[in-house]
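Reviewing the structure listed below.
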Amino acid sequence: MTSITLTTTITEDRHLEIDLPPDVPLGPIQLVITPLPVQPTEKTNPTRDEIRARLKAAGLLGEAQYAPVDAVPLSDEERDELGRLFAGPQLISDLIDEDRGPH
């Protein structure tokens, strides 16, 4: 007789229950268990996950997604001041206009 392939699931209690077709002859058998590859439920990126784990272990992974509840939006003046800190005395918007020329 040819071999029979059945698919089943091993439960938490490691109990295996299978029903054999009626044409399987009685007598000794050889049972081979081959675990099937587990399909991930979502797409994963092992490199990304490894890098995130290393950054987290080093205390360098920022996981904040939202501003604190008591955060106050910046005023236009504060926004302009931040722009000056990085661009010098000119606003970033002025530098962009200067670079692009008149439109």
Side-chain angles (χ1 to χ4, degrees):
M1 177 173 204
T2 60
S3 64
I4 301 170
T5 302
L6 301 171
T7 305
T8 187
T9 302
I10 298 176
T11 59
E12 297 261 343
D13 61 359
R14 303 295 193 265
H15 179 78
L16 180 63
E17 185 176 317
I18 55 174
D19 294 317
L20 298 173
D23 61 336
V24 173
L26 301 177
I29 65 164
Q30 179 181 14
L31 178 65
V32 178
I33 297 176
T34 307
L36 299 174
V38 177
Q39 297 298 324
T41 55
E42 61 181 55
K43 293 182 182 180
T44 59
N45 183 337
T47 305
R48 178 182 179 271
D49 294 341
E50 180 182 342
I51 291 170
R52 286 181 59 82
R54 287 183 183 185
L55 287 171
K56 188 171 187 172
L60 299 173
L61 181 64
E63 297 181 284
Q65 295 183 2
Y66 303 101
V69 216
D70 58 345
V72 179
L74 295 176
S75 68
D76 289 338
E77 294 80 23
E78 291 170 322
R79 231 178 255 283
D80 289 344
E81 180 61 28
L82 279 176
R84 279 190 215 86
L85 288 175
F86 294 104
Q90 282 184 291
L91 293 175
I92 292 175
S93 58
D94 293 339
L95 291 173
I96 292 171
D97 289 342
E98 182 182 306
D99 185 51
R100 292 182 182 169
H103 22 329

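Contact of the R48 side chain with the R52 side chain is registered, since non-hydrogen atoms from C-beta on lie closer than 4.5 Å. A 4.5 Å side-chain heavy-atom check between E81 and R79 finds every atom pair outside the cut-off.
Of all the heavy atoms in A71 and A67, the pair that sits closest is CB-CB, 4.0 Å.
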**Report entry** Intermediate values then yes/no, side chain to side chain contact (heavy atoms under 4.5 Å, CB included), R100 and I96
**Finding:** CA-CA 6 Å; R100 292 182 182 169; I96 292 171; 3.5 Å; yes
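Hydrophobic cluster membership differs between L20 and I29, with clusters built from Ile, Leu, Val, Met, Phe, Trp and Tyr side chains linked at under 4.5 angstrom.
Partners of L26 according to the side-chain contact (heavy atoms from CB on, under 4.5 Å) rule, which considers only residues two or more places apart in sequence or in another chain, do not exist here.
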Pairs of donor and acceptor atoms involving the side chains of residues 4-11, under 3.5 Å and at least two apart or interchain, shall be tabulated with distances.
unit_1 : atom_1 : unit_2 : atom_2 : d
T11    : OG1    : D13    : OD1    : 2.3

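Although no hydrogens or angles enter the test, the distance criterion places no donor-acceptor pair under 3.5 Å between the side chain of E50 and the main chain of T47.
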